[in-house]
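Given the structure is predicted, the values throughout are model-derived calculations rather than measurements. Atoms within each ligand, like the ligands themselves, are counted from 1 in listed order.
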Amino acid sequence: MRGKIAVLPGDGIGPEVIRVATGVLKAVEERFGHDFTLTYGEIGATAIASAGDPFPENTEEICRSSDAILFGAIGTPEYDNNPAVRMRPEEGLLRMRKTLGLYANIRPVTTFDDLITLSPLKEERIRNVDFVVYRELTGGIYFGKPSFVAKDYSKAVDTCSYSRIEIVRIARLAFDAAGKRSGKLTLVDKANVLATSRLWRKTVQEMAADYPNIVLEFMFVDNAAMQMILNPAQFDVILTENMFGDIITDEASVITGSLGLMPSASVGETVSLFEPIHGSYPQAAGKNSANPMASVLSLAMLLEHSFGLAEESLAVREAVAEAIARGIVTNDLNTTKFFTTTKVGSAISDIILSKSLAE
Ligand code: IPM
Ligand code: MN
């Protein structure tokens, strides 16, 4: 198989973890006989520095002319601590999502047997956890207008806005996903307070008629945040709006054991994008210590979603699980015996290649 992948390492630990993911891709190419062409593009703070724009036109072209996008992370602290700054790196990511029509962000939450004792949550609560969050990604309070801060900083406004069509298109994906899984869909909203949430609830309720085999539940987001800790195994597919999804998926990463293990896929109108859910983790940037597994697992999602390479995707996920089982992990997963980012990466690649010798 031949394919074109846009690679956008971005800021902070992005370049290090993406380097590992592309190394793993090489191992996959070698073992399974594929040939992918990678085209690199700039995004975020690095793109502001070099092109004066966090999502330059050239990067957009690279994305549009590829079959899939592999993205690292965005953001640097200089911008976070300076609210007056004119252009923010995150704008690049948000504009990319919007421009490319990436309206559904799919975030699977699973556990690894060898890590189950690592979560701060009790083992019996997280043992059978296996759910997926469908987070709306191009609407809501992230994009609503008006949005401004008064010049004298006496007031600020953000607007949460949704239209029916924005809800229908992601809800379809979530209903379909539930149909392929255990058949349960939970809409997380705040319909007791927010008008947009009432629109979500009404729209999804009406759609349920087309999916008679799906059990549809509703849960307020404050309760969902609590249930995710109390009894996360109750969830199968969660559907939610942009900001609720952002918040509850960081919370959900605690179940898995580390934010450094959570991959995601953003899909929509055209080309799909794959990214770890962790941010740019600037404290670790350049130290060769960040966990590359979320990026590698994002690559696994890419192989399956964009190229239909299910066996290859499984081989990557199994190699990650085996590296974990052998204790070849970064310091987020084991604070006493840990390895570097590059060492974890080469171990995963070696496991993939050694399986090809064994066959
Ligand atoms: C994420 C991130 C982004 C978001 C930031 C970096 C803009 O937290 O992908 O979850 O809030 O969507
Ligand atoms: Mn987030």
- Item | Heavy-atom pair with the smallest gap, counting every atom of F220 and K190 | CD2-CA, 4.2 Å
- Could you check whether the rings of Y211 and F175 sit parallel, tilted or perpendicular, using 30° and 60° as the cut-offs? parallel
- Item | From the candidates I247, D246, D250, I74, the one that places a heavy atom nearest atom 2 (C) of ligand 1 | D246
- Query: What protein heavy atom sits nearest atom 4 (C) of ligand 1, and how far off is it?
  - Reply: Y142 OH, 3.5 Å
Distance-only donor-acceptor hits, side chain of residues 70-83, under 3.5 Å, sequence neighbours excluded:
from	atom 1	to	atom 2	distance (Å)
D80	OD1	R88	NH2	3.1
N82	OD1	A84	N	3.2

- Message: Hydrophobic cluster membership, with links at side-chain heavy-atom distances under 4.5 Å among I/L/V/M/F/W/Y: are V316 and V344 in one?
- Response: yes
- Item | Minimum-distance protein heavy atom relative to atom 5 (C) of ligand 1 | L93 CD2, 4.3 Å
- Hey, is ligand 1 close enough to R97 that some N/O pair sits below 3.5 Å? yes
- salt bridge (Lys or Arg N to Asp or Glu O under 4.0 Å), paired with E269, selected from R97, R64, R169: R169
- Message: Counting non-hydrogen protein atoms only, what is the nearest one to atom 7 (C) of ligand 1? Give residue, atom name and distance.
- Response: E90 CG, 3.8 Å
- Hey, is the main chain of R19 close enough, under 3.5 Å, to the side chain of T22 for a donor-acceptor pair? yes
- What atoms of ligand 1 come within less than 4.0 Å of a heavy atom belonging to R135? 1 (C), 4 (C), 9 (O), 10 (O), 11 (O), 12 (O)
- Please examine the side chains of L239 and L173, heavy atoms only from C-beta on, and report whether any two atoms are closer than 4.5 Å. no
- Query: Which protein N, O or S atoms sit under 2.8 Å from the Mn ion (ligand 2)?
  - Reply: D246 OD1
- Message: I need the atoms of ligand 1 closer than 4.0 Å to a non-hydrogen atom of R107, numbered in the order shown.
- Response: 1 (C), 9 (O), 10 (O)
- Indicate yes or no: at least one non-hydrogen side-chain atom of P120 is less than 4.5 angstrom from one of V254. yes
- Task: Using a 4.5 Å cut-off on heavy atoms from C-beta on, say whether the side chain of R326 contacts that of E322.
- Result: yes
